[in-house]
Visitor: 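For reference, the structure I am asking about is given below.
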Amino acid sequence: MHAGALIEALVGFALVGAAQAGLFPSELIQLTESDIGNFSALAFSDPSRVLAGSSAPQCRAWPGSGDWPSDGEWRQLNTSLGGALLRPVPVASACYKGENYDAARCRYLVQQAGRTHFWIEDPLVVLTQWPQGSTCVAALNAQGNCTRGGFPEYVVNATTVKHVQAAVNFARNKNIRLVIKNTGHDFGGRSTGAGSLSIWVHKLKEFEFIANYTTNGYSGMAVRVGAGIESFELFNYMAQHKITVVSPGGSTVGVVGGWLAAGGHGSLTSKFGLGSDQVLSINVVTAGGKFLTVGPESSGGVEEELWWALRGGGPSTFGVMTSVVLRAFPPISVLSVPVGFSVNPTGATNQAAPFPGFPDFNFTMPANSTFPNFTFPFPTNESDAFPFPNITFPFPTNGSFPGFNGTFPGIPFGGPSAGSSLTNVATFWKGVRLVYRYCSKVLDAGGYCYSFIYPLGNSSFTFSNSAFLPDISSADATALMAPLFGSLGAAGINISAPRLPERAAAPYAAGRRNGGGDSPVNTRYHSRLLPRRNWDDDALYEATWDAIQHGIEEGGYTFHGIAYAPTAKVAGPIGADSAVNPAWRSAALHASYMETQPAGAITALDQRERDAKAKRYLDQWRAVTPGAGAYINEGDPAEPDWQNSFYGEANYGRLLGIKKKTDPWGVFWAQTTVGSEGWEVKTWDGYPFSQNGRLCRV
Ligand SMILES: *[C@@H]1O[C@H](CO)[C@@H](O)[C@H](O)[C@H]1NC(C)=O
Ligand SMILES: *[C@@H]1O[C@H](CO)[C@@H](O)[C@H](O)[C@H]1NC(C)=O
Ligand SMILES: *[C@@H]1O[C@H](CO)[C@@H](O)[C@H](O)[C@H]1NC(C)=O
Ligand SMILES: *[C@@H]1O[C@H](CO)[C@@H](O)[C@H](O)[C@H]1NC(C)=O
Ligand SMILES: *[C@@H]1O[C@H](CO)[C@@H](O)[C@H](O)[C@H]1NC(C)=O
Ligand SMILES: *[C@@H]1O[C@H](CO)[C@@H](O)[C@H](O)[C@H]1NC(C)=O
Ligand SMILES: *[C@@H]1O[C@H](CO)[C@@H](O)[C@H](O)[C@H]1NC(C)=O
Ligand SMILES: *[C@@H]1O[C@H](CO)[C@@H](O)[C@H](O)[C@H]1NC(C)=O
Ligand SMILES: *[C@@H]1O[C@H](CO)[C@@H](O)[C@H](O)[C@H]1NC(C)=O
Ligand SMILES: *[C@@H]1O[C@H](CO)[C@@H](O)[C@H](O)[C@H]1NC(C)=O
Ligand SMILES: *[C@@H]1O[C@H](CO)[C@@H](O)[C@H](O)[C@H]1NC(C)=O
Ligand SMILES: *[C@@H]1O[C@H](CO)[C@@H](O)[C@H](O)[C@H]1NC(C)=O
């Protein structure tokens with residue numbers, strides 16, 4: 001072999017090696033001993049060398065405390081990071097008296113920012129306000145002072161693996177609370193924390209389509225997705241490469257990280273499984289600062305355990321994912337069949353209630369529908385492609401949409417169908433039970449149901465559901481759903497089945513998306529994964545709905561139900577052998593009561609009473625679903641017995657063992673994650689589960 005060929009072979013090998021190792025350019029830049037030099041705060045640690053029972057501080061360091069790093073050390077960290085250390089000022093300080101006051105900026109935040117991608121791009125903001133302590137909420141005429149509250153002290157704007165490693169090592173070595181954030185979509189207060197260093201993975205935006213990815217147990221199309229990629233970006237890539245990937249329903253929800261680490265559901269979950277079931281490889285920075293690739297070929301040792309735990313075993317617990325490889329499928333078209341009705345005993349027409357945005361599909365308008373009354377902050381860019389740029393609700397109730405005759409991209413619908421306003425409450429609930437029961441047929445067809453029940457007071461309610469059916473002809477979908485409309489008619493609810501389009505569109509076909517339309521909110525979820533067995537037994541099914549109805553009728557909760565069936569079979573052999581809560585595998589409905597409150601309007605005491613009330617109603621669900629669980633990401637931080645509920649009795653012990661072995665320091669800590677019971681946040685005001693306080697050992 002002559003020299004040229006040898007060099008070529010070496011270069012070829014190097015390229016193949018890099019491709020097989022599967023690293024993005026950002027992942028090739030890693031922390032080295034020479035980066036660390038004499039700055040021991042950046043040193044790696046080996047978890048196996050931590051002595052059991054070694055003395056550790058009672059609390060994490062706190063600004064002003066003796067062990068808080070000096071300004072010089074923070075500067076040195078910043079230098080090591082190449083200047084990527086941020087100390088952001090809360091943006092809403094523009095609304096408060098003081099040096100940052102800026103009336104125009106504040107007006108923008110309150111009136112315009114939510115129509116754009118603004119809040120998602122902020123290094124501090126989390127989209128559920130209460131965990132931060134609501135100490136600096138954007139509001140016109142804001143009272144009091146803006147304080148940092150539960151926002152992190154410092155943020156690492158991570159654009160390389162080296163940044164992530166340096167942040168993890170610094171936090172671990174200096175006893176600093178660490179949090180990880182991408183978009184801030186989180187109902188549980190896990191991506192913010194007072195006195196913390198935050199790793200902001202949002203700018204890790206790399207993507208790669210892999211036409212043929214082969215690993216143990218899989219050979220086929222795949223995508224490699226960076227930790228900062230949002231669902232709408234993945235949809236755009238799907239369109240570009242003519243593929244389908246299971247992706248979050250919310251357009252700006254991150255694909256990697258918290259979503260799939262907790263399972264993660266999406267529109268094709270009954271067909272292809274949960275987000276975590278798609279994973280073929282994970283690049284991750286561990287608590288010791290090491291950068292690892294784990295996958296089905298990991299056998300033995302910590303790699304194999306992390307590979308199992310990272311898929312479903314909970315967010316912010318075992319490592320910082322920098323990218324993952326996910327299964328990809330050929331394009332799949334989806335048809336939606338909406339049904340909805342409302343009841344008002346006085347005979348008046350109900351004000352229909354809001355739908356959240358849900359960008360997955362290029363929906364097709366059913367004939368003769370009416371729509372809810374809501375304001376939807378369409379991001380400016382998406383509204384360009386939207387048929388009604390300044391949409392006003394309610395739509396005309398006569399079923400005719402002026403100037404509109406096509407598909408309706410971007411939001412779900414299925415509000416009350418024409419002629420479906422009832423006066424008899426018993427008939428309403430009978431119809432509701434018929435629709436949910438019928439969702440088991442939708443699940444069997446690989447589809448899902450997406451639904452809301454809104455209590456409107458005075459025994460008035462509005463119900464809407466859309467059944468989404470993948471990979472099915474219009475005629476078959478119509479035939480599949482026809483018996484439901486028949487039985488609704490027999491129950492006294494005369495709704496004609498919607499006309500379905502002749503050809504369904506692939507989920508990504510709704511045109512190029514830009515993301516946006518998010519503002520911070522204040523929702524608490526109280527939820528449970530209701531098992532299929534409650535659907536398969538008449539008496540148990542009725543008992544389940546008696547329990548659900550109580551919280552809506554007496555408790556006044558909005559009910560949100562998503563019917564999914566990510567069974568072990570659907571997950572496939574790789575997905576099925578993961579740490580996902582086993583409750584998902586036998587689920588028929590991810591059911592929630594949603595509690596929303598105006599920012600800052602609820603005192604700690606009130607919230608404790610609200611939590612107690614929710615527990616009373618959820619206990620009725622628990623009574624009819626023994627052994628079932630709940631979905632961490634849309635769960636209640638106050639969930640009793642959360643270890644078994646969120647992770648499953650079969651898994652929690654093993655997960656806790658892996659946590660202790662890989663992170664004996666507890667450097668990754670977030671509420672209701674594995675091992676978090678050893679620590680608690682000492683909040684300032686006692687507001688339950690807020691992150692506005694110092695993190696200390698229990
Ligand atoms: C650490 O190394 C830097 C250069 O990398 C040097 O400027 C500094 O003086 C060293 N500090 C100590 C305490 O040795
Ligand atoms: C980190 O360094 C960069 C570049 O010098 C600077 O712009 C930034 O303000 C520094 N961050 C902090 C927290 O001081
Ligand atoms: C706000 O800050 C100012 C200046 O520090 C202080 O005088 C005032 O008491 C604070 N107001 C409240 C409501 O805490
Ligand atoms: C984060 O880093 C990226 C890449 O260097 C840069 O473009 C961006 O402006 C930074 N963000 C902030 C808030 O500094
Ligand atoms: C994909 O790669 C595997 C392993 O290299 C090979 O056996 C298979 O034929 C390839 N499939 C396609 C469609 O190219
Ligand atoms: C829609 O409503 C119109 C007028 O009420 C009626 O003539 C038509 O049959 C309805 N279409 C469907 C599909 O129900
Ligand atoms: C619903 O829309 C109507 C007509 O635009 C409006 O008068 C009413 O106030 C709205 N209701 C709510 C709850 O926003
Ligand atoms: C929609 O509203 C925006 C902002 O109020 C306005 O600039 C725009 O002209 C409106 N578009 C239409 C089509 O009415
Ligand atoms: C439906 O109502 C709207 C106003 O709400 C009106 O403009 C339209 O002409 C009506 N269409 C029919 C078919 O009656
Ligand atoms: C509306 O759709 C019908 C049937 O698809 C078509 O015949 C008609 O031309 C369309 N009207 C407009 C204004 O696009
Ligand atoms: C929605 O899907 C239809 C049918 O596939 C397609 O013709 C139309 O362009 C799509 N609409 C948008 C806004 O992409
Ligand atoms: C919206 O569109 C404008 C012009 O088409 C573009 O400059 C801007 O970057 C877009 N904004 C977002 C958030 O995508």
Side-chain angles (χ1 to χ4, degrees), residues 126-131 182-191 231 246-255 257-267 269-270 274-276 312-317 354-358 360 412 448-453 518 520-531 548 551-552 557-566 580-585 587-597 610-611 614-615 617-618 621-622 625 628-648 670-673 689:
V126 285
L127 293 171
T128 309
Q129 273 164 358
W130 62 260
N182 173 14
T183 63
H185 276 283
D186 180 20
F187 296 109
R190 299 171 313 201
S191 46
S231 189
V246 175
S247 191
S251 73
T252 57
V253 173
V255 179
W259 179 71
L260 62 74
H265 58 75
S267 323
T269 278
S270 300
L274 294 164
S276 57
S316 293
T317 311
F355 280 93
F358 200 69
D360 281 24
Y448 76 109
C449 289
Y450 191 84
S451 67
F452 290 93
I453 304 171
D518 297 289
V521 295
N522 246 348
T523 310
R524 285 204 183 209
Y525 274 89
H526 310 283
S527 70
R528 195 139 178 97
L529 293 166
L530 307 179
I548 293 173
I552 306 169
Y557 291 107
T558 293
F559 179 81
H560 179 27
I562 315 182
Y564 282 129
V580 162
N581 188 344
W584 266 118
R585 301 302 182 202
L589 189 71
H590 165 39
S592 313
Y593 289 145
M594 287 166 70
E595 194 189 327
T596 306
Q597 52 219 222
R610 283 166 174 250
D611 287 351
K615 180 175 181 304
Y617 285 107
L618 261 287
W621 296 17
R622 294 185 187 105
T625 58
Y631 175 46
I632 318 163
N633 282 344
E634 284 154 30
D636 187 349
E639 176 78 20
D641 190 26
W642 58 261
Q643 290 88 342
N644 292 326
S645 196
F646 289 157
Y647 302 92
Q671 203 148 256
T672 68
T673 57
F689 307 103

Visitor: Are Phe559 and Tyr593 side-chain neighbours, meaning at least one heavy-atom pair lies under 4.5 Å?
Guide: yes

Visitor: What are the two closest heavy atoms between Phe689 and Ala638, and how far apart are they?
Guide: CE1-CB, 3.4 Å

Visitor: Out of curiosity, Asp518 CG to Leu127 CG, how far, rounded to the nearest 0.5 Å?
Guide: 5.5 Å

Visitor: Just how far is it from atom CG of Asp636 to atom NE2 of His526, taken to the nearest 0.5 Å?
Guide: 5.0 Å

Visitor: Quick one: do Arg524 and Asp611 make a salt bridge, cutoff under 4.0 Å?
Guide: yes

Visitor: If you measure from CG on Leu589 to OG on Ser451, what distance do you get to the nearest 0.5 Å?
Guide: 6.5 Å

Visitor: Taking Ala628's backbone N and O only, do any of them form a donor-acceptor pair with Arg528's side chain (distance below 3.5 Å, no angle check)?
Guide: yes

Visitor: Is there a donor-acceptor contact under 3.5 Å from the side chain of Thr625 to the main chain of Leu530?
Guide: no

Visitor: Taking side chain as C-beta onward, heavy atoms only, is Pro640 less than 4.5 Å from Arg622?
Guide: yes

Visitor: With side chains defined as the heavy atoms from C-beta onward, is the minimum distance between Ile632 and Tyr647 less than 4.5 Å?
Guide: yes

Visitor: Before giving the answer on side chain to side chain contact (heavy atoms under 4.5 Å, CB included), spell out for Phe646 and Glu639 the whole-Å C-alpha distance, their side-chain angles and the decisive distance to 0.1 Å.
Guide: CA-CA 9 Å; Phe646 289 157; Glu639 176 78 20; 3.6 Å; yes

Visitor: Just checking, any donor-acceptor pair under 3.5 angstrom between side chains of Ser592 and Glu634?
Guide: no

Visitor: What closest approach, in Å, do Ala587 and Leu529 show between heavy atoms, and which atom pair accounts for it?
Guide: CB-CB, 4.3 Å

Visitor: Which distance, rounded to the nearest 0.5 Å, do you find between the CD1 of Ile562 and the SG of Cys449?
Guide: 10.5 Å

Visitor: Check Ser316, Pro131, Ser191 against Asp186 for a side-chain contact (heavy atoms from CB on, under 4.5 Å) and give me the one that passes.
Guide: Ser191

Visitor: Taking all heavy atoms of Gly635 and all of Ser527, pick out the closest pair and write down the distance.
Guide: CA-OG, 3.7 Å

Visitor: Tell me, do Val246 and Thr269 make a side-chain contact under 4.5 Å, heavy atoms counted?
Guide: yes

Visitor: Would you mind reporting whether Tyr631 and Tyr564 have side-chain heavy atoms less than 4.5 Å apart?
Guide: no

Visitor: Please step through side chain to side chain contact (heavy atoms under 4.5 Å, CB included) for the pair Met594 and Tyr525, ending with a clear verdict.
Guide: CA-CA 5 Å; Met594 287 166 70; Tyr525 274 89; 3.7 Å; yes

Visitor: Would you call Asn633 and Arg190 a side-chain contact if the rule is heavy atoms closer than 4.5 Å?
Guide: yes

Visitor: Does Thr673 reach the main-chain N or O of Gln671 with its side chain, forming a donor-acceptor pair under 3.5 Å?
Guide: no

Visitor: With a 4.5 Å cut-off on side-chain heavy atoms, are Val255 and Pro248 touching?
Guide: yes

Visitor: Sub-3.5 Å donor-acceptor pair from the side chain of His590 to the main-chain atoms of Gly561, do we have one?
Guide: no

Visitor: Grab the two heavy atoms, one from Arg585 and one from Leu274, that are nearest each other, plus how far apart they are.
Guide: NH1-CD1, 4.1 Å

Visitor: With rounding to the nearest 0.5 angstrom, report the CD1 to OG1 distance, Ile453 to Thr558.
Guide: 10.0 Å

Visitor: Could you check whether Tyr448 and His265 have their ring centres less than 6.0 Å apart?
Guide: no

Visitor: At their closest point, which heavy atom of Ala591 faces which heavy atom of Trp621, and how far apart are they?
Guide: O-CZ3, 3.3 Å

Visitor: Which atoms form the tightest heavy-atom contact between Gly258 and Pro315, and what is the distance?
Guide: CA-CB, 3.7 Å

